[in-house]
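First comes the structure, then the notes that go with it.
Ligands are counted one by one from 1 in listed order, and the atoms in each one are counted from 1 as well. Just the heavy atoms: all of them, side chains too, but no hydrogens, waters or symmetry mates, feed the values below.
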Amino acid sequence: MERQYTRVDNIRQYVDNMLNSLTDMDRRRAGFVHLYGVGQAGALIALHRGHDREYAELAQIAGMLHDFSAYRDGVRENHAGRSSVEAEGILTDAGYFTAEEIGLICHAIEKHSDKEQTDAEFDEILKDADEMQHWLRNPMEEYCFRKDRTQRLAREFGLL
Ligand SMILES: [Fe+2]
């Protein structure tokens, strides 16, 4: 079967174009690793929690876009809110997401820095994916491993 061109491929073009325009090579590399990593972790977590592949695709896309403005601008302050606005523009521009899907993704991006609080199910998938990528980048790093959210995830996936 021929490989399909999917919505994820299209969104990757926006992400790749932004990252490839960065002159800071460390930031560019970190952006590729983190945004692609959180996208994949999001899809894995969504599927693991019993959601269908379409929902996992949305989790993948949320992960790809969640820190878009932070990498583009090199500024962490309010990057969740700014990335959410950016994602809304990208998803609308892409042209094949429903208003409900755009709302789901943008809300999760807006909330993703609030790791101490529990939000809706899709929001929590993105937060967990963010933490999972940070942890798996270096499984030996105690700072990430000891976080409550990471401990919960490790238990959920039978990794303790
Ligand atoms: Fe992140």
Side-chain angles (χ1 to χ4, degrees), residues 7-49 51 55-91 94 97 101-154 156-157 159:
R7 299 198 290 184
V8 172
D9 293 302
N10 184 250
I11 296 307
R12 277 183 184 151
Q13 288 183 346
Y14 290 88
V15 175
D16 290 356
N17 288 342
M18 180 276 286
L19 291 171
N20 283 326
S21 75
L22 299 179
T23 52
D24 179 336
M25 296 307 281
D26 286 339
R27 198 160 97 215
R28 184 190 294 187
R29 188 196 59 218
F32 273 114
V33 170
H34 186 59
L35 296 180
Y36 275 68
V38 175
Q40 292 185 359
L44 175 70
I45 294 167
L47 294 168
H48 185 71
R49 292 180 184 169
H51 295 286
Y55 194 90
E57 181 190 41
L58 298 179
Q60 161 74 258
I61 288 167
M64 292 290 296
L65 295 173
H66 83 286
D67 279 342
F68 191 96
S69 298
Y71 285 106
R72 186 194 55 199
D73 306 336
V75 178
R76 294 297 294 176
E77 198 186 339
N78 189 30
H79 74 280
R82 289 185 294 112
S83 296
S84 176
V85 171
E86 199 67 43
E88 188 174 5
I90 290 170
L91 295 167
F97 292 91
E101 289 173 330
I102 294 173
L104 196 68
I105 291 170
C106 293
H107 188 264
I109 293 175
E110 190 184 339
K111 291 285 180 187
H112 88 265
S113 292
D114 302 335
K115 301 280 197 308
E116 306 300 320
Q117 78 189 42
T118 303
D119 288 288
E121 191 168 14
F122 189 81
D123 304 332
E124 290 301 304
I125 290 173
L126 178 58
K127 292 181 203 181
D128 285 345
D130 203 8
E131 295 292 47
M132 184 179 264
Q133 197 279 331
H134 281 137
W135 174 43
L136 294 180
R137 192 174 50 188
N138 182 356
M140 285 302 291
E141 197 181 282
E142 292 296 315
Y143 170 74
C144 292
F145 183 61
R146 296 290 162 208
K147 285 180 181 174
D148 287 349
R149 195 175 275 276
T150 306
Q151 290 284 302
R152 272 204 308 277
L153 271 169
E156 178 185 347
F157 280 79
L159 304 175

Practice item. Run the ring-centre check on H66 versus H79 and record whether the distance is less than 6.0 Å. Key: no
Point to revise | is_close_aromatic(F68, Y14), centroid dist under 6.0 Å | key: no
**Study point:** N-O pairing of R82 and D73 below 4.0 Å
**Key:** yes
Check your understanding: Taking 4.0 angstrom as the limit, do R49 and E156 come out as a salt bridge?
Key -> yes
Review point. When rounded to the nearest 0.5 angstrom, what is the spacing between CG in D67 and NE2 in H34?
Key: 4.5 Å
Study note, to complete from the structure: Counting only protein N/O/S atoms, those under 2.8 Å from the Fe ion (ligand 1) total 4
Study note, to complete from the structure: Taken to the nearest 0.5 Å, the spacing of N10 CG from F97 CZ works out to 7.0 Å
